[in-house]
Amino acid sequence: MEASRALFLKRCVMMVVGILFISICVGCYRLSGFGVDAFTCMNLGISGFLQMSFGTWQLIMNAVILVIVFFTVRQCIGAGTIVNMVCVGYGADFICWLVQDVFQIPMTLPLRILALLIGCLFAGLGVAFYMAAEMGIAPYDSVALIIGKATKEKIPFQYARVVSDVTCVVIGVVFCLAAKDDLWMIVGIGTLCNAFFNGPLIQFFRIHVSEPMLYGRKMTR
C-alpha cells in the first residue's frame with residue numbers, strides 16, 4: 001500500500017513538473033524571437049488573425065481536440081489533460097508578462113539564444129514527464145497517438161509527431177500571413193527544430209529520463 005501511494009505521489013509530481021516545463025518552454029520560445037513550438041505557432045497565428053488572447057484561443061483549440069481524443073484514444077484523458085489545457089497557455093502568457101512588463105528584461109541576443117535552448121530542452125522533457133506519469137496528456141500530444149492508431153502503428157510515435165508538428169506550422173504560417181502579422185515572431189529556427197526534432201526528443205527522454213525516474217529502471221520501446 002505504501003509503495004502504491006509513493007508511486008501515485010511521484011506520478012502527480014511528475015505530471016505537475018511536466019506541465020510547468022511546457023509552460024516555461026512555450027514562454028521561452030516566444031521570448032527568444034526565433035520562432036515558437038509548432039502547436040503554439042498555429043495558435044498564435046490563429047489567435048492573431050482572430051484578435052483573441054493566445055491563452056483563450058489555446059484553451060478553445062484544446063477543447064476541440066479533446067472531443068476527438070475522447071472518441072479515439074480516450075485512455076489519454078485524465079487530470080493532467082485538464083490541467084494542461086487550462087494552465088499552459090496562460091502560464092506562457094504569465095512568463096512573458098513577467099519578463100517583458102514587470103521586470104522589463106531586454107532580450108539581448110545571448111538571452112534570446114538561452115531562451116531558445118531552454119525552450120527546446122523543456123519541450124521534450126515536459127511532454128516526456130507527463131506522458132510517463134500516465135495521468136492524462138495534453139489533447140495535442142494525443143494527436144500523434146491518434147495517427148499511430150489510424151495507421152495501425154505503421155507510423156511510430158516520433159514520426160507521427162513530426163507529421164502533426166509540421167502541419168501545425170503550415171497552418172500557423174497561413175493565418176499569420178492572412179492577419180499580416182510579423183511572421184518571424186512565430187516561425188524561425190526554433191520552430192523548425194521543434195517541428196522536426198521534438199518527437200524523437202520526447203521518445204528519448206521518456207526512455208532515458210522520465211520512466212527510469214518513475215519506475216527506477218530503464219524502459220524499452
*Does one hydrophobic cluster hold both L125 and I118, with members joined at side-chain heavy-atom distances below 4.5 Å?*
yes

_Starting from I22, can I reach V69 by hopping between I/L/V/M/F/W/Y residues whose side chains sit under 4.5 Å apart?_
no

*Identify the heavy atoms of A128 and S210 that sit nearest to each other, and give their distance.*
O-OG, 3.1 Å

*Would you indicate whether the side-chain heavy atoms of S164 and F39 approach each other to under 4.5 Å?*
no

*Are any of the side-chain heavy atoms of V162 and N198 separated by less than 4.5 Å?*
no

*State, to 0.1 Å, how close G27 and I95 come at their nearest heavy-atom pair, and which atoms those are.*
CA-CG2, 4.4 Å

*Among F129, F205, F21, find the residue that satisfies the ring-ring contact (aromatic ring centres under 6.0 Å, His included) test when tested with F122.*
F21

*Does V163 belong to the same Ile/Leu/Val/Met/Phe/Trp/Tyr cluster as V170, with side-chain heavy atoms less than 4.5 Å apart forming each link?*
no

*Qualifying residues under ring-ring contact (aromatic ring centres under 6.0 Å, His included), relative to F54, sequence neighbours excluded*: none

*Taking the side chain as every heavy atom from C-beta outward, state whether M61 and M42 have any atom pair closer than 4.5 Å.*
yes

*To the nearest 0.5 Å, tell me how far C176 SG sits from I171 CD1.*
13.5 Å

_Gap separating the CD1 atom of I46 from the CD1 atom of I60, nearest 0.5 angstrom_ = 10.5 Å

*Check for a donor-acceptor pair, side chain of T81 on one end and backbone N or O of C76 on the other, with a separation under 3.5 Å.*
yes

*Close side-chain approach of V127 and R206, heavy atoms under 4.5 Å*: no

_Given 3.5 Å as the limit, does a donor-acceptor pair link the side chain of K10 with the main chain of M213, or not?_
yes

*asked:* One pair to check against side chain to side chain contact (heavy atoms under 4.5 Å, CB included): L192 and F197. What are the steps and the verdict?
replied: CA-CA 8 Å; L192 297 177; F197 300 114; over 6 Å; no

*Would W57 and W97 show up in the same hydrophobic cluster when neighbours are defined by side-chain heavy atoms closer than 4.5 Å?*
no

*Nearest heavy atoms of I19 and C87, plus distance in Å*: CG2-CB, 4.5 Å

*asked:* Does Y159 have more than 12 heavy atoms from other residues, nucleotides or ligands lying within 6.0 Å of its OH?
replied: no

*Give, for atom SG of C96 and atom OH of Y29, the distance between the pair rounded to the nearest 0.5 Å.*
13.5 Å

_Separation between CG of L116 and CD1 of I189, rounded to the nearest 0.5 Å_ = 7.0 Å

_Minimum heavy-atom distance C28-A115, with the two atoms named_ = CB-O, 3.3 Å

*Mind jotting down which residue pairs meet the salt bridge (Lys or Arg N to Asp or Glu O under 4.0 Å) criterion with at least one end in residues 165-194? Sequence neighbours excluded, please.*
R161-D165

*Scan side-chain atoms only and decide if T40 and N43 contain a donor-acceptor pair under the 3.5 Å cut-off.*
no

_Tell me whether M52 shares a hydrophobic cluster with Y140, the cluster being built from Ile, Leu, Val, Met, Phe, Trp, Tyr side chains joined at under 4.5 Å._
yes

*Quick one: sort the F49 and F175 rings into parallel, tilted or perpendicular, breaks at 30° and 60°.*
perpendicular

*Looking only at heavy atoms, what is the nearest atom pair of A160 and I155, with distance?*
N-CG2, 3.5 Å

*Could you tell me the separation between the CZ atom of R112 and the OG atom of S32, rounded to the nearest 0.5 Å?*
7.0 Å

_Inter-residue atom distance M14.CE - M135.CE, 0.5 Å rounding_ = 12.0 Å

*Side chains of R30 and L44: does their closest heavy-atom pair fall under 4.5 Å?*
yes

*Could you tell me whether a side-chain N or O of K149 sits under 3.5 Å from a main-chain N or O of T72, the two making a donor and an acceptor?*
yes

*Above 12 or not: heavy atoms from other molecules or residues under 6.0 Å from CD1 of I82?*
yes

*Using a distance-only test with no angle check, is there a side-chain donor-acceptor pair under 3.5 angstrom linking Y90 and T56?*
yes

*Decide yes or no for L183 and L177: does some side-chain heavy atom of the first lie under 4.5 Å from some side-chain heavy atom of the second?*
yes

*Report yes or no: does R11 contribute a side-chain atom to a donor-acceptor pair with the main-chain N or O of E134 at less than 3.5 Å?*
yes

*Side-chain heavy-atom pair M85, L66 within 4.5 angstrom cut-off*: yes

*Do V169 and N194 touch side chain to side chain, with heavy atoms closer than 4.5 Å?*
no

*Shortest non-hydrogen contact from V88 to V26?*
CG1-CG2, 4.2 Å

